[in-house]
There are 2 protein chains.
Amino acid sequence: MAGATLGAVMALASSAFANSEIEKRAKDPNQWGAPGRDNQLTRHSNLKDINTNNVDKLQMAWSQSTGALRGHEGQPIVVEDVGGKPMMFFISAWPNIVQALDLSDPDHPKQVWNYLKQTDRDESAVARACCDTVNRGLNYADGKVVFHTLDGFIIALDAKTGKELWVTKHAYPEHGETHTGPTMIAEKLVLAGFGGDEFAARGRIVAYDLETGKPVWTCHSTGSDKDVCLTPDSNKANPQYGTFGHDIGISSYPKDEWKIGGGSPWAWFSYDPELRIVYHSTGNPGHWSPAYRCGDATHEECNSGKWDNKWSMTIFARKVDTGEVVWAYQMTPFDQWDYDGVNENILVNMDVDGKPRKTLVHFDRNGFAYVLDRVDGTLLRANKFVTVDWAERVDLKTGRPVKVKEHSPFERGRNVAACPSAMGGKDQQPCSVDPKEPNKFYCPTNNWCMEDEPQERTHTQQGTVYVFANVYMYPEKPGISGKVKKFDVLTGKADWEIPDPYPNWGGTMNTDGGLMFYGSNSGDFRAVDRNTGKVLWSRKLGSGIIGNPITYKVNGKQYVSVFAGLGGWIGLPITAGLDMEDKYGAIGATAMAKATGLDKIPQGGMLYTFRVMD
Amino acid sequence: MAGATLGAVMALASSAFANSEIEKRAKDPNQWGAPGRDNQLTRHSNLKDINTNNVDKLQMAWSQSTGALRGHEGQPIVVEDVGGKPMMFFISAWPNIVQALDLSDPDHPKQVWNYLKQTDRDESAVARACCDTVNRGLNYADGKVVFHTLDGFIIALDAKTGKELWVTKHAYPEHGETHTGPTMIAEKLVLAGFGGDEFAARGRIVAYDLETGKPVWTCHSTGSDKDVCLTPDSNKANPQYGTFGHDIGISSYPKDEWKIGGGSPWAWFSYDPELRIVYHSTGNPGHWSPAYRCGDATHEECNSGKWDNKWSMTIFARKVDTGEVVWAYQMTPFDQWDYDGVNENILVNMDVDGKPRKTLVHFDRNGFAYVLDRVDGTLLRANKFVTVDWAERVDLKTGRPVKVKEHSPFERGRNVAACPSAMGGKDQQPCSVDPKEPNKFYCPTNNWCMEDEPQERTHTQQGTVYVFANVYMYPEKPGISGKVKKFDVLTGKADWEIPDPYPNWGGTMNTDGGLMFYGSNSGDFRAVDRNTGKVLWSRKLGSGIIGNPITYKVNGKQYVSVFAGLGGWIGLPITAGLDMEDKYGAIGATAMAKATGLDKIPQGGMLYTFRVMD
C-alpha cells in the first residue's frame, strides 16, 4: 500500500445507459465486464478468495478451445446477468469465432451459442495483418456482445441468442486496414480503430452508435485539423504539443505523405466518464525509412519539429460525444524506430509532487513510462522502464525526447543499433495497476534490441507491405528476453522484476489477494506475490501465453482464466510458418523467435480456467 | 510387390530386436511404448499410484497443444530411455506435426524437437479422408519414431534429434487412399494399411523394413489368392470361412468390382510374438449400394455365400514374416450397412467353455462382440453388445450372420432402418481389458440407428466420393447417444454401463488402481471405478474427447494423458464446416451431430496431463 493519497475514486454521474452499466459492472468484483475489467484499464480485481495463502492449491477447473490457432492476445469477459445467468463471452483469433458459455455450473460451463460470420469475409486480411491474426477481445453492454473481425467488420449480437443485431463494415484490408482491436464501449458509442501502418493505411477512429451500428463521428490521425478533429481549444494548456490552425497533420509530412501516413490506433482505448474523455493513441507514421518522411536532408533538420509526422505516435484525449481533441501529446516525433504509441493508457489518480492529479499512465514502446495529467495533457513524468539508448531523456517542458543520433536510424543503407527494438520496451501486452497503489504498475517488458537499416522505398501502394528496412533483433542479454516488473512511475524504479528466457507478450492482472498473474511464452502461467515478486504457483499450459488473465466469481467461488496461443508479432514466424533462417524475417521477429526457442512452442488457441480446490 | 511367398523373405532371428524391445517396454508399467500400450492392444496398465482412494485429487499437471485442429483420435507414447531421458512423442491431426517432449522434469516437459514434413505434401488427402483428418498415433522402436501421414507417407525419425532416417510413399490419395492409421511395429517390420473404401480404394497392407523403409511384403484385401496372400494352409481349421484355390477375392464380386472393392485396413493392428502372427481387419467393400456388388438379383441370392465380397469385413491372421494368411474370418459377408470390420483385435488368453484358449476379441461395427481362437480362427462367441436388428444372431458353426431382410438395405430407392448405424455399435474407439480379467472389456459404444436408402451408382472413379446412399442417423433413445460398458464377452452381459448424451468416440484405458479412464465428446474426461461403474472424478477439457487415455510414471509419479479434439466421422460436420441442415450430410453424421449438440463443442487439438497433487 505504498503510493500517493487515494483521492475520491470517481463519483460517477449516472450518465448514459451503456456507460453507467460498464461502470456498474466494474464496481462488482465478481464480474470482468470489459477487456481491461474497467474502461480505465486497471486490470485490477478486489477479489481475494484466491490469495497468497492458498494459491498453491490452484488447479485447472475447466478448459475450452477457442476453435482457432495462431496468436490469442485478448481475454474473455464475464457478465453476471444475461437472461438471469452468469455468462462468459470470448472471441478467437481469425476467423474470429465468438463463444457464449453459461457459467451457472461454474466448474462445468455449457456453450449456449457460438457465432462465426460466414459471408463477405476477406481472407486477404490474414496476409495483411502485420503482426498475426490476433483479436484482443470483445465487449458487452445493453444486452449486446460487440466485437470486431480482422477483416474489418464491427458486429453486435444478442447476448442471449447470438443472433446478429447489426453488422458494420469498418476497416478495409484493400487499403491496408486490418483490425485486431479491441473496440471500447463508452456511453452509447462503440469506438473502433484498426492497424495497418506497415501496409500504408491512414489511421482513423470511428464512433458507432451502440444501438444501430451507424457512425456518429470519425477522426483521423493525419490530415487537416478538421480531419483530425482539432479545435481552437485543443492543447490549450500545452500549446507546445501543437495547435489548431496549421494543419500540422499535413504540413509535418513532405508532399502527400500524410495520406499514407499511418498513425493507426490499433490497440487499447480507455475512458473517463466524469471528464467524458476517450483516450487512445496512434501508431507509427507508415514506412520505416524515415528520410522519406522529412522535407529536409539532415538528421538534425528532420528532428527540428517541422517534420514530426503529426499525429502519429500520439496519445489523443477526445471528447466522447464529438471526437474533438482536448489534448494530443506525441511521444516520438519523426519516428525512426517504429515505436508505435498505441500501448494502453491507464487512468488512475495519484499525488504527483504533492498535488493530487487525475493521471494517465502510458508505458510506451519507446521505453519511457509517461505520466500525464489526463485533464489537460500536462507531462509529469517520463522515466525509462527498460534499457533505452535512442534518447537521453524526455524534456518534460517541451515533451520532446532528446534523441541520440548514433542510435537513430536515418540514412538508407546505414545500419544502426538501438534499444529497445521496434517491438518496444513493451508492446501491446497490458500492464495492470491497483488504484489503491496508483503509482505501481505490473508490467511485462521486452528486453531486446535491434539493428535497423533503412532501405529504398519501392512503392507507395496501400495494402502492400510498406516497411523498407532490414531489421535484426537480438536479446539484450542472452538468456533473458522478457521481464515482469513492479514499476514505480513516479520514481522510475522497480520494486522487483522477474526475468524470463522467453519474450513476454502477455498482460498482467493483480488482485486484492496479494497476487499478480501473468503468462510466459514458455506456456507457464504464474501467480506472483505482489509484494515480493516471488512466483508462488505456476502451471504449464498448452502454448505460449500472450493473453491477459482475468478473474471472476460465480456461486461463491473465484476463478482465474487465461488464453494460451503463441503468436503476435513475436510469434508470427511460427504461426505464419516463415523460414526460421531468414535473419530479417517478420521485420526482426524471426531472429528473436529463433534465438529464444519460440519455434519449440506449439501453436494453440485454448482457454484455461482455474480455481482453488481443497 | 503383390503376392505371398516372396522367396526366402527375412528368416528373422527368433527374437528380432524391435519386437523384443516392444514386448520389454510393455512389461514395464512406467512406459506406454505403443499405441495400445502393448501390441496385444490391452490398454491396461499395472500402475496403481492413482487409484480409487486418491483419484479425487487428480489435477492437470501440464498441457501441450498439438499445433493442429480437427479430430484427435490417437494417443501419445512414453518411452523411458531416449538418450538416457524419458520422452513423450505424439502426432497431431493433419498436417501431422510430431512433437518430442523431454519428461525429465515431468511436471514441466520441454519440447526437444518437432517435425512437420514440408515437401511433396498432398493437400487433396484432406478432402479425400472420409472421416476427418485424424491420426491414431505413432510408434517407437530401435531409437526411431515411426509414423504415417494422412497423405500417405511412412516416416522414420531419429528419436533423439527428429532428423529424417527414411521416408516412404505408401498410400496414394489420387487412388482414394488416405492414411489415418496407426502403423504397428512387429519384429523388424512396420505394418501399414490405409483407408479409402468410400473413395473406391482397393485395400492392402504393406510390411516395411524398420531399418530402411523398404517394402518386404504386400497383401491385398481383394483379388487373387496370390494377391491376398492365401495359401493351401489358410483356414485349414475352418474351411467354411473360404479357402485357397478359388480366387474368391475376385469371384465373390461381379466383373471387375474387386478392383474397386474396398476392404481397406485403416485402423488397428495387433501382434502375437509367440505365434508370430499379425492380426488386422478390413473395411467395407467400397460403395454402399449393395446390389451392384452382387451378380444375382434378389436379397436371398446375394446372401447365398457366392457374393460375399471377400475379403472385405474380415479379420486376417497373417504370418509376420511373409503376410501369408493363417486364417481369415469375415464378420459381415456382402455388407449392406457399411459395417467396416476394422475395429481393434485384442489378444488375451481366457478359458472358454472350460478350455484355456488363446483368444482374439473383436467388437465389430455390426454390433457383435466376437471371440475367436486366435491360433486357428475358430469362432467361440458372437454376442450382441448393443441393439442389433440387422441380424438375429451369428451361426457359430458357419460363422455367418443370420440376416434380417427387413433391416437390410438392398434395392436402390428403398429406405431401410437398421441398428446399429453405419458407424457401428462401436467404431474405431478402442476398448480396453485387464488380462487378469480377460473376458471383461471396457468398451465405448455408439447407441444410434439409421435409415439407409441405396442409390444409383454414377461413376467408378477412384479418388472420388464413392458412396451412393442417402443415410440418416438418429439416437436410439433421445438423450442417450453413447455408453461405456464393462462387457463380458463370454456371457454377453454388461456388468455396468454409463450413458452419455453425446456420442462416445474416445477409447478407454484401465489400471490396477481400480480405475477406468475415458473421455466424452462433451469434453469431460472421467475416471471410473472399474468395479461399480461409478464416475469418481471428471474434468471438462477444451474440446470433445475422441482420443485414448494413456498412463505412465516418471520420477516416481504416475501421470495420465489424453487428447481433446472433436472430430472423426461423428465430428466431421463440425471440423469440415458442413451445412448442419443437410439431413444426409457426412453420410449421416450431420444429423447425429446436430441431434446431440456436437455443434456446440469447439474444435481443438490439445494434450492434457494429470497427476495426483496433495
Side-chain angles (χ1 to χ4, degrees), chain A residues 56-70 90 92 95 97 99-102 105-114 116 118 162 522-525 538-544 564-566 574-575 577 579 597-610 613-614, chain B residues 56-70 90 92 95 97 99-102 105-114 116 118 162 522-525 538-544 564-566 574-575 577 579 597-610 613-614:
Chain A
D56 60 315
K57 295 201 181 72
L58 203 60
Q59 62 167 288
M60 189 189 82
W62 58 270
S63 173
Q64 179 86 343
S65 176
T66 68
L69 295 174
R70 303 192 63 163
F90 59 84
S92 75
I97 303 160
Q99 293 188 48
L101 303 185
D102 176 358
D105 177 354
D107 278 349
H108 201 284
K110 199 172 160 58
Q111 193 186 82
V112 180
W113 53 260
N114 56 37
L116 173 62
Q118 301 281 3
S522 64
D524 291 315
F525 183 48
S538 80
R539 199 63 90 237
K540 203 202 87 58
L541 308 187
S543 180
L566 176 72
I574 291 95
T575 61
D579 173 8
L598 277 190
D599 56 334
K600 297 286 192 300
I601 309 290
Q603 291 190 55
M606 298 293 296
L607 182 71
Y608 294 85
T609 298
F610 301 85
M613 295 194 195
D614 288 316
Chain B
D56 60 315
K57 294 201 181 72
L58 203 60
Q59 61 167 289
M60 189 188 81
W62 57 270
S63 174
Q64 179 87 342
S65 176
T66 68
L69 295 174
R70 303 192 62 164
F90 59 85
S92 76
I97 303 159
Q99 292 188 48
L101 304 185
D102 176 356
D105 177 354
D107 279 350
H108 202 286
K110 199 173 160 57
Q111 193 185 83
V112 180
W113 53 260
N114 56 36
L116 173 62
Q118 301 281 3
S522 64
D524 291 315
F525 183 48
S538 81
R539 198 65 90 237
K540 203 202 88 56
L541 308 188
S543 180
L566 176 72
I574 291 93
T575 60
D579 173 7
L598 277 191
D599 55 333
K600 297 286 192 300
I601 309 291
Q603 291 190 55
M606 299 294 295
L607 183 71
Y608 295 84
T609 298
F610 301 84
M613 295 195 194
D614 288 316

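What you see is a predicted model, and the numbers here were worked out from it, not measured in a lab. Scope of the values below: all heavy atoms of this structure, side chains included, with no hydrogens, waters or symmetry mates. Every chain is numbered from 1, with letters handed out A, B, ... down the list of sequences.
Only the backbone of A:Ile601 comes within less than 4.5 Å of a heavy atom of chain B; no side-chain atom from C-beta onward does. Within the 4.5 angstrom heavy-atom criterion, only side-chain atoms of A:Asp524, from C-beta onward, approach chain B. Contact annotation for A:Leu58: only backbone heavy atoms (N, CA, C, O) come within less than 4.5 Å of a heavy atom of chain B. When heavy atoms are compared at a cutoff of 4.5 Å, A:Ala564 does not approach chain B at all. At a 4.5 Å heavy-atom cutoff, A:Lys57 makes no contact with chain B through either its backbone or its side chain.
Rounding to the nearest 0.5 Å gives a distance of 8.5 Å between CG of A:Leu101 and OG1 of A:Thr609.
Ranked by heavy-atom pairs under 4.5 Å with chain A, the list B:Ala61, B:Gly565, B:Ser92 is led by B:Ala61. Ranked by non-hydrogen atom pairs under 4.5 Å with chain A, the options B:Pro109, B:Ser543, B:Ser65 are led by B:Ser65. Across B:Thr66, B:Ile97, B:Leu69, B:Asp56, the residue that shares the most heavy-atom pairs under 4.5 angstrom with chain A is B:Leu69.
Put simply, the side chain of B:Gln99 reaches to within 4.5 Å of the side chain of B:Gln64, judged on heavy atoms. Side chains of B:Met606 and B:Ser63 form a contact here, defined as non-hydrogen atoms less than 4.5 Å apart. B:Gln603 is listed as a side-chain neighbour of B:Ile574, based on a closest heavy-atom distance under 4.5 Å. Counting only heavy atoms from C-beta outward, the side chains of B:Gln59 and A:Met60 never approach each other to under 4.5 Å.
The two residues A:Pro95 and A:Leu116 have their closest heavy-atom pair at O-CD1, 3.2 Å.
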